[in-house]
Amino acid sequence: MARYLITSALPYINGVKHLGNLAGSQLPADVHARYRRLEGHEVLFICATDEHGTPAELAAAEAGQDVRAYCDEQHLIQKRVSEGFNLSFDWFGRSSNPPNHRLTQHFCEQLEKNGLIEERVTKQIYSIDDGRFLPDRYVEGTCPVCGFERARGDQCDNCQTLLDPIQLKNPRSKISGSTNLEPRDTAHLFLLQPKMQDRVRAWVDQSTDWPHLARSIAYKWLDEGLIDRSITRDLSWGVKVTKDGKPRPGFESKVFYVWFDAPIEYIASTVEWSEATGGNWERWWREDKGAKDVTYVEFMGKDNVAFHTVSFPVTIMGSGEPWKLVDRLKAFNWVTWYGGKFSTSEQRGIFMDVALDLLPSDYWRWYLMANAPETADAPFTLEHFQQTVNADLANVFGNFVNRITRFAETRFESAVPDGGEFGELEKKLEDDISAKLQALSAHHAAMEFRKAAAETRALWVLGNEYLQVAAPWTAIKTDRDRAAVGVRVGLNLCALFAIVAQPFIPDAAGKILDAIGVPNENRKWPSGAGERLLDALPRGLKLTPPDVLFKKVEDAQVGEWAARFGAGS
RNA sequence: GGUGGCGUAGCUCAGUUGGUUAGAGCGUGGGAUUCAUAACCCCAAGGUCGGUGGUUCAAUUCCACCCGCCACCA
């Protein structure tokens, strides 16, 4: 038994995420966590909402709410939606909770002790009418290079020139539109990342089992050279800046930059978990306190790779303390909506809460993992979704369960029949199943989700092929024992198929296992060797044929949804 | 613009550490079957592996350039 610490990139607090966000980190992380638990390993699966930063403040203002009240509400909404998708987090925390404040301050003070923090004064745009400094992106004005009138403070969208907000002509606040702005001196803390460059590189060098994409992104940043990075902002919503545990003089109206405190929430969310459950968080995160044998696995979208392979490790290593660093990471490309972007404002695409109103979570889980954006961006289309779930879930798997349980009901009194012996057909099936199980386990272990889904489906197909040849409905006319073998094997296959489908479609798998009466302790991942895979159920065991597991998605539904969610527009 | 990724059957994708007839699922056509959600099972058709050059006995697989799409650039 091994120990796995699994984290999913933190969803930003600002509204319910779309299917693409789900597919790129929370869902695969959940599938992997479930797989490792089924294997009998000790798993701690952690996520949280990322709640600080200007976008949260602005969204709250737009909603006419206090930012904390806004985050409270949005956190609950996201938590409920993640439960609706059966995301089996051991804890779903909040980066605004006290443990993250304490840890973020702790890390900064450690970094400062180690000579990695420097206080510097810079000029920033202050909006007198808004009563605040403006982040670069929230200053707009005329580009000094090309004259484009809606250039942002960090970059001109027209000519791509990188800008400082001070350079803009006729600058105005994007928040209020006010032009009553002036540059003012303000102090900030800078993290001296270049000092850690060699150590981070050495660490990346030895991280040979990362995916190629992750390493090349890390090397790209290292090759370009790390820079001193400002880790504080002039905002009120966030983690206060301290020195020796007390408010840091001159920083009373400042907080840490959201990108500094967000990854620390991985640890802090685990602290939240320990406070709520009595668990020992240091056993998972501190190598001096029992975390040496932990395998830490991170899931994220490709945009997050640099932060997880370079920035956060700088914080961790720079602390000089024995914190756990990532061992394996899995990065995803994007799911697109018909090749384009999901967009809340333009009503393009399906968001997590709406998806649950349309269909059970298993449909989405299956499709998104069977088509996970692993090597490239993957388009979501309703038509492909319909084809995939109807074929895989309804026709191949659901119908398999239905045909064999119905037959057992009408001809064998809804019980696992006794009688008859395995023949060549069953022996061959056993070999084929074992081989596929082995491949499936390997794909799960390697976090190859498309391949794991394809292999799961291939198992289901073996079941249908077997029934076709064994044909108990024909055998029953002349040889009841022969039919009994077919039905017994068929029912055992149902149980086995449901067990290995649990990581992808936990609800449906649970229904099947309940219907067949498989107790919880017998739902573990099959280890393969020497198991009686096809004769594990007690003979005479009564079952209740489940209702149709997966209703097909109808053309009319697809048509309606396509219009409603902006398909192809 | 810089860097990285991708471009393989109608669609979504595997694959080739360079080597006999390039694979899967879906979709399509045909057949078989009736236990089952008109499902399942079998068979078949379909590709000059983005383009152009180069290296090689041999390239879809390596190299160069080009075209197209995507991401990141703190």
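Just so it is clear, the model here is predicted, and its values are computed rather than measured. In the text below, chain A, chain B and the rest are named by the order of the sequence lines, each starting its count at 1.
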message: Between the base of B:A39 and the side chain of A:Asn395, is one N or O donor paired with an acceptor at under 3.5 angstrom?
response: no
query: Rounded to the nearest Å, what distance is computed from the CG atom of residue A:Leu393 to the C1' atom of nucleotide B:C26?
result: 14 Å
query: Roughly how far apart, to the nearest Å, are B:A24 and B:C42 at atom P?
result: 12 Å
Sugar-phosphate, base or nothing in reach of A:Arg450, heavy atoms under 4.0 Å: sugar-phosphate
message: Please name the nucleotide paired to B:U61 by Watson-Crick or G-U wobble geometry with both distances under 3.5 Å, or report none.
response: none
- request: Identify whether any heavy atom of A:Pro379 sits under 4.0 Å from a base atom; if not, whether one sits that close to sugar-phosphate; answer base, sugar-phosphate or nothing.
  value: sugar-phosphate
task: Take atom CZ of A:Arg457 and atom C1' of B:A39, then tell me their distance rounded to the nearest Å.
output: 13 Å
query: Can you tell me the Watson-Crick or wobble partner of B:A36, both distances under 3.5 angstrom?
result: none
task: Provide the Watson-Crick or G-U wobble partner of B:G46, both distances under 3.5 Å; none if there is no partner.
output: none
task: Would you mind telling me which of B:G25, B:C41, B:A36 lies closest to the side-chain atoms of A:Gln468?
output: B:C41
Heavy-atom neighbours of A:Asp431 CG exceed 12 at 6.0 Å: yes
message: Suppose you measure atom C1' in B:A64 against the same atom in B:U56; what distance do you get, rounded to whole Å?
response: 16 Å
query: Is the ring centre of A:Phe407 under 5.5 Å from the base ring centre of B:C35, and are the two planes under 30° apart, so that they stack?
result: no
Nearest-angstrom distance from the residue atom CZ of A:Phe400 to C1' of B:U34: 17 Å
message: When you measure from the side-chain N and O atoms of A:Lys451 to the phosphate of B:G25, is any distance below 4.0 Å, counting only OP1 and OP2?
response: no
task: Determine which nucleotide pairs with B:U20, using a 3.5 Å limit on both distances of a Watson-Crick or G-U wobble pair.
output: none
- prompt: Contact class for A:Phe550 vs. all strands (heavy atom < 4.0 Å): base, sugar-phosphate, or nothing?
  reply: base
Sugar-phosphate, base or nothing in reach of A:Leu549, heavy atoms under 4.0 Å: base
- prompt: Which whole number of Å gives the distance between the C1' atom of B:U8 and that of B:A71?
  reply: 22 Å
Residues A:Glu421 and A:Lys427 bridged, charged N to O under 4.0 Å: no
query: What nucleic acid atoms does A:Gly486 come within less than 4.0 Å of, heavy atoms only: base, sugar-phosphate, or nothing?
result: nothing
- line: Among the nucleotides B:U12, B:C40, B:C26, whichever has the atom closest to the side chain of A:Asn371 is B:U12
task: Answer yes or no: does a side-chain N or O of A:Arg403 lie under 4.0 Å from OP1 or OP2 of B:U34?
output: no
query: Any side-chain donor paired with an acceptor under 3.5 Å for A:Tyr219 and A:Asp205?
result: yes
statement: Classified by glycosidic angle (syn within 90° of 0, else anti), B:G30 comes out anti
- prompt: What is the distance from CG of A:Leu491 to C1' of B:C35, rounded to the nearest Å?
  reply: 12 Å
field: Residue matched to B:C69 through Watson-Crick or wobble contacts both under 3.5 angstrom
entry: B:G5
query: A:Lys302 has a side chain; which of B:A71, B:C41, B:C35 sits nearest to it?
result: B:A71
Parallel, tilted or perpendicular: rings of A:Phe504 and A:Trp366 (30°, 60°): perpendicular
task: Could you measure between the two C1' atoms, the one in B:G47 and the one in B:C13, and give it in whole Å?
output: 14 Å
- request: Pick base, sugar-phosphate or nothing for A:Ala370, based on heavy-atom distances below 4.0 Å to the nucleic acid.
  value: nothing
Rounded distance (Å) that lies between atom P of B:A32 and atom CD of A:Glu465: 20 Å
task: Among B:A74, B:G25, B:C35, find the nucleotide with the atom closest to the side chain of A:Gln193.
output: B:A74
- request: Return the 5'-most residue of the pair A:Arg229, A:Thr410 with respect to RNA chain B, ranking by each residue's nearest nucleotide.
  value: A:Thr410
query: Okay, side chain of A:Trp237, backbone of A:Glu51: is any donor-acceptor separation there less than 3.5 Å?
result: yes
- prompt: Can we say A:Asp228 and A:Arg120 salt-bridge, meaning some charged N sits less than 4.0 Å from an Asp/Glu carboxylate O?
  reply: yes
message: Starting the side chain at C-beta, find the nucleotide from B:U34, B:C70, B:A74 nearest to A:Trp221.
response: B:A74
field: Residue whose nearest RNA chain B nucleotide is more 5′ - A:His384 or A:Ser311
entry: A:His384
- request: Taking only the side-chain heavy atoms of A:Leu226 (C-beta and beyond), determine which of B:U37, B:C13, B:A74 contains the nearest atom.
  value: B:A74
message: Base, sugar-phosphate or nothing for A:Val469? Non-hydrogen atoms, less than 4.0 Å.
response: nothing
task: Measure from the side chain of A:Thr375, starting at C-beta and using heavy atoms only, and say which of B:C40, B:C13, B:A14 lies closest.
output: B:A14
task: Rounded off to whole Å, could you give me the CH2-to-P distance for the A:Trp460 and B:U37 pair?
output: 19 Å
- request: Using the P atom as the reference point in each nucleotide, state the distance between B:G19 and B:C43 in Å, no decimals.
  value: 27 Å
- line: Note: A:Trp473 and A:Phe407 closest approach over all heavy atoms is CA-CZ, 3.4 Å
- prompt: Are the aromatic rings of A:Tyr266 and A:His308 close, with centres under 6.0 Å apart?
  reply: yes
- prompt: Out of B:U34, B:G27, B:C72, which has the shortest distance to the side chain of A:Asp303?
  reply: B:C72
- line: Answer for the Watson-Crick or wobble partner of B:C26, both distances under 3.5 Å, is B:G10
- request: Using modelled atom types only, decide if a donor and an acceptor are shared between the side chain of A:Lys451 and the backbone of A:Ala446 within a distance under 3.5 Å.
  value: no
- prompt: Can you tell me how far P of B:U34 sits from CH2 of A:Trp473, to the nearest Å?
  reply: 9 Å
task: Just name whichever nucleotide pairs with B:A74, Watson-Crick or G-U, keeping both distances under 3.5 Å, else none.
output: none
statement: Taking B:C41, B:C72, B:U37 as options, the one with an atom nearest any side-chain atom of A:Val548 is B:U37
query: Roughly how far apart, to the nearest Å, are B:U52 and B:U60 at atom C1'?
result: 15 Å
field: Spacing of A:Tyr219 atom OH relative to B:G4 atom P, expressed in whole Å
entry: 15 Å
message: Work out how far the C1' atom of B:C49 is from that of B:A14, and round it to whole angstrom.
response: 12 Å
- request: For B:G15 and B:C6, measure between their C1' atoms and round to the nearest Å.
  value: 16 Å
